[in-house]
Amino acid sequence: MDGLNNMQSTACAHVDGPLLILAGAGSGKTRVITHRIAYLMEHEGINPYHILAITFTNKAANEMRERVNRIVGKGAEQVWVSTFHSLCVRILMRFADRLGYGKNFTIYDTADQKNAIKNILKELQIDPKQYPEKMFMAEISRAKEQYLSPDGFERRYAADYVKMKAAEVYRAYVKRLKTCNAFDFDDLIYKTVELFEHYPDILEYYQDRFRYIMVDEYQDTNHIQFLLVKMLAKKYRNLCVVGDDDQSIYKFRGANITNILNFEKEYPDAMVVKLEQNYRSCGNILEAANAVICHNAGRKDKKLWTEKEKGEKVSYTLSESEYEEAEQIASEIAKLVRQEAEYREIAVLYRTHAQSRVLEEKLVSWNIPYKIYSGTNFYDRLEIKDVMAYMKLLYNPEDNAALRRIINVPKRGIGDASIDKIAAFANQQEISMLAAMRRPENIPGLGRTAAKISDFIQLLDSFRKILKEGESISFLYDRILEDTGYEEELINEHSDESMTRLENLDEFRNRIIQFEEERENGNLGEFLQEIALVSEADAINTEDGVVSLMTLHSAKGLEFPYVFICGMEDRIFPSAQALNSEDEDALEEERRLCYVGITRAMKKLYLSSAKCRMMHGSHNLNPVSRFVTEIPPMLLSDAGELGRMKKRQQESMPFATSQSYGLKGGGYGQNNPYKKHASYGITPSTKPAFGKEFVVNREINPEYGEGDRVRHIKFGDGTVTQLVQGGRDYEVTVNFDRCGVKKMFASFAKLKKI
DNA sequence: AGTCAGCGAGTTTTT
DNA sequence: CTCGCTGACT
C-alpha cells in the first residue's frame, strides 16, 4: 500500500474480525484509519454505507471526514464519520419516541443540568451547602456512565447514606428531564444503549448498517461507550479500535483505560498491531518522551522510535518566579521568530488555565501575537445562551430550563416568586410550564403577573408563527433580538461589556448564516443539536499566525514544531492533588499527560520551571517536576542546571529559600526553613519575605561590562561584545571562543567575570 | 429589581 | 489573588 509502512499496511489490510491498533503518538493513526477505509472500499468492495468511524471530538471527526474525502474519492460521503454523541443524536432523533420522548428533544448542557439539580434540591429540601450540586452531578454522571438506572444505582449502593440521597436526586432528575423532553450529554449514549436493549430490531438494523466499525481514541472511552460499541459490533464483529494507553488522560471524566488494556480479553481472536514508528518528533524529543512514560507501570509494551535525526536537545530552564519564566519564554519566542520560526508554529502548554495569565502579560509586553484557548465555549456566553433559549423553547415547548432562562429576560415583571408558582402548578398538573402559562388564570396566586404572562405567551406565539411560515433561522433570530427588546437593552447600556455582548450576538448571527449556507434545508432542530455538540476546541487552528496557548489536555491530537511546557514543578505538574492522591494511577495519569505534551513537539521542546510561584494568593516553593528529572540529563540542553537540580532532589528539599534566594549565583538550598516538610502535602503557606529580594536582586547590574572576559557554564570563555538593558533584564551578547556569538539574558546566562 | 459587600473556593474537559 | 455566588439592603 502506497505511503504506508509495514505495520500500517498490516492494520489497513485486516478486514474481518476484531482489530486493536496500538498507535503511539505521531505514528500516523488517522492516516491508518482513513487508508483502511479506502482499503475496505477499494480492495474489498465494501459498500461505504456499511462503514462507521467514531471519534471523540468534532474536530477529529471533521478532520477524518476531510481526509476520507480526499483519499477515498467516490462514495466517501457515504461513510459515516461521527462523534459518539452525534451518532447517538441521529439515532435518537429517529427513535426517541420508542423511549417515550419526543423527537424534538433538547440537549441539556452542564449549566442546564446544574439548574435542574438546583431546583430539585430545593424541592427535596436538601441543603446544597451540605450536599453540593456538583456532587450530585458527578454521581449521576458516573451512574449513567456505568449504565446504572436510579434503581440499579440504589441497589448497588444500598448501604451508603449519601449515595441514597444521590439516588433520590438522580430519580427526580431523570423524571425532570423526561418531562422537559431533554437528554443530557450522558443520556445521549445511555438512552441509545437502552433503546438497543429494549428494541433488538432497531439494534439489528444498525448492526446491519454498520458492519465495519472503527473507534478512534479508544483509550478515552468510558463504560457506556464500550457497551454501545460492543452492541453495535456484536453481529459482524468487524470492530477496529485505535488508541494509545499512554495517552489516556481523561480518567477524571470517566474514561476507562481498561477498555483498551482488556480489548484482547473481550475479543480473544483480536489481531493486535502496534504502530511504533513516530513521524512527528526529532530523536531527542522522542527519547525524552519514552524516558518519562516508561516510569509508568502496567502499560502495553511499546516504544516509539524514529528515523528522524536527533535534533536539538530538550531545553530546560529554571527561573526564579513565574514572571521570569514567562519572560524567558517570551524572549525565546521572539528569538525563534527572528531566526527561523513563525508564530503559528509555536505553542505554550500548561497544566491549568490559571497559568496563562502571566504568559499573556509577558507576550503582550513582547508584542507577540497569541491566542489562548480557554475552556469557555462561545456558546456558553450569557447572551448567546439567552437567545438560544428562545430558540430552544420554540423548538421544544416542554423545555422548562429554556423557559426559566428567558421568562424574565429582558425584564418583563415575572419574578422568581411567580416562576415558582408556575413551576409548582405545572408539576402538580404534570404539564410543562409553558402549557401552564397558557392559562395563567388557573395558576393560584399570580395576581397582576397573569397579564404579563399572557403578553409573554403572545410574544412567543408570534415567533412560532414565523417558524411555521417557514422563515429562515436567521430571520427568526433577528425577530427575537428585536421583538424581545434584548438587543435594544444592550445598545442602551453603552458599556464595554454590552458592546462585547453585541459583538458576540453578531458573531452568532454569522454562524447561523453559515449553517444555513452549508445545510440548505437545515431546520431549527438540526441547528440546535449541532450547536449543542460543538465546542471551541474544535476551532483550534494553527493557520492564524499566532502563538497558541492552551492546557496540556487541549493540546492532545495537535502538533507544533516548537513547544514550550511551563510550570514543570511538583504540585503544579504533576498536580498537588495527584501527588496527594491515594490512587497510584493519579500520578501515572499526570505522567501520561506529560508524555502527551512532550510528543506534541516536532522540532524543539522547551521545558521550564519556576522556583517560586504565586498560588491562591501566596508564594509557593515547589520542587522541580519529577518528570523533568525522569529525562536523562544527556537529553537536556542545560546540563549545569540539571546537575544542581539532581543534587538538590537527592537532598529532598525544595529549591529556593527566602534567605539564600538569588543573592549569589549558586547558593540555593542552605538554611532551608521548609526542609522539615519537604515531603508532600505541606505547602508552605506563610510566605517568605522574598518578593522584595526578588526585586532588589533583579536591579543589580551584572558584574561585567562590554569588553569584559566572562565564563559561561556551557559555552566556556568569551568576550562581552554588547550589554543592553531591556525591560527587567540585560541582554548580553558574548563572543565565545569555542562557539561563536551568542545572545542571552544576563539573569539566565549566569556569566562569571574572569 | 438591582447593587454591593462578604464569603468561599480554587485541576484537567468533551459532548 | 480573583472570580463567582449569596444574601442583605436599598
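Every chain is numbered from 1, with letters handed out A, B, ... down the list of sequences.
Taking all atoms of both residues into account, the shortest heavy-atom contact from A:K385 to A:D380 is CD-O, 3.6 Å. A:M391 and A:L528 make their closest contact through O-CD1, 3.8 Å (heavy atoms, listed as atom of the first residue, atom of the second, distance).
Atom C1' of nucleotide B:dA1 and atom CG of A:N408 are separated by 9 Å, given to the nearest angstrom. Following rounding to the nearest Å, A:R412 (CZ) and B:dA1 (P) show an atom-to-atom distance of 12 Å. The CD1-P distance, from A:I224 to B:dT15, rounds to 18 Å in whole Å. Rounding to whole angstrom units, OH of residue A:Y379 and P of B:dT13 are separated by 20 Å. Straight-line distance from the CZ atom of A:R253 to the C1' atom of B:dT15: 8 Å, rounded to whole Å. Rounded to whole Å, atom C1' of B:dT13 lies 14 Å from atom CD of A:E217. Atom CG of A:D216 is separated from atom P of B:dT14 by 16 Å (rounded to the nearest Å). A straight line from CZ of A:R571 to P of B:dT12 spans 19 Å, rounded to a whole angstrom.
Distances were taken from every side-chain heavy atom of A:R351 (C-beta onward) to each of B:dT12, B:dT15, B:dG10; the shortest belongs to B:dT12. Among the nucleotides B:dT11, B:dT14, B:dT12, the one closest to the side chain of A:H353 is B:dT12. Proximity note for A:Y250 (side chain, C-beta onward) versus B:dT13, B:dT11, B:dA1: the nearest is B:dT13.
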With ring pair (Phe, Tyr, Trp, His ring centres under 6.0 Å) as the test, would you mind laying out the steps for A:Y595 and A:F627 before giving the verdict? CA-CA 9 Å; A:Y595 174 78; A:F627 301 149; over 10 Å; no
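Within 4.0 Å of A:R357, counting heavy atoms only, lie sugar-phosphate atoms of the nucleic acid but no base atom. Residue-level contact check: A:F56 touches the backbone only, with heavy atoms under 4.0 Å from sugar-phosphate atoms and none from bases. Counting any heavy atom pair closer than 4.0 Å across all strands shown, A:T352 reaches sugar-phosphate atoms only and no base atom.
The shortest distance between side-chain heavy atoms of A:L549 and A:K371 does not fall below 4.5 Å.
Comment: A:R299 does not engage A:D244 in a salt bridge, judged by the lack of any side-chain N to carboxylate O separation of less than 4.0 angstrom. A salt bridge links A:R351 with A:E590; the closest basic N to acidic carboxylate O contact falls under 4.0 Å.
For DNA chain C, the span of nucleotides reached by chain A at under 4.0 Å from its heavy atoms goes, 5' to 3', from C:dC1 to C:dT6.
Nearer the 5' end of DNA chain B, as judged by each residue's closest nucleotide, is the contact made by A:D416, out of A:D416 and A:E590. Mapped onto DNA chain B by nearest heavy atom, A:E589 and A:T110 fall at different nucleotides, with A:E589 at the one closer to the 5' end.
Contacts between residues 550-558 of chain A and DNA chain B, counted as heavy-atom distances below 4.0 Å, involve A:T551, A:H553, A:S554.
Taking the six-membered ring wherever Trp is involved, the centroid distance between the rings of A:Y190 and A:Y147 falls below 6.0 Å. With ring centers used as reference points, A:F252 lies under 6.0 Å from A:H553.
Ring-plane geometry between A:Y350 and A:H353 is classed as perpendicular, the angle between the planes exceeding 60 degrees on a 0 to 90 degree scale with a lower cut at 30.
Put simply, A:F185 does not rest on the base of B:dT14: the two rings are not both less than 5.5 Å apart at their centres and under 30° in tilt.
For the OP1/OP2 pair of B:dG8 and a distance below 4.0 Å, the side-chain nitrogens and oxygens of A:K129 include no atom meeting the criterion. Distances shown here put every side-chain N or O of A:N58 at or beyond 4.0 Å from the OP1 or OP2 atom of B:dT14.
Of the residues A:K556, A:Q247, A:Q225, the one that meets the side chain to side chain donor-acceptor pair (under 3.5 Å) test with A:D220 is A:K556.
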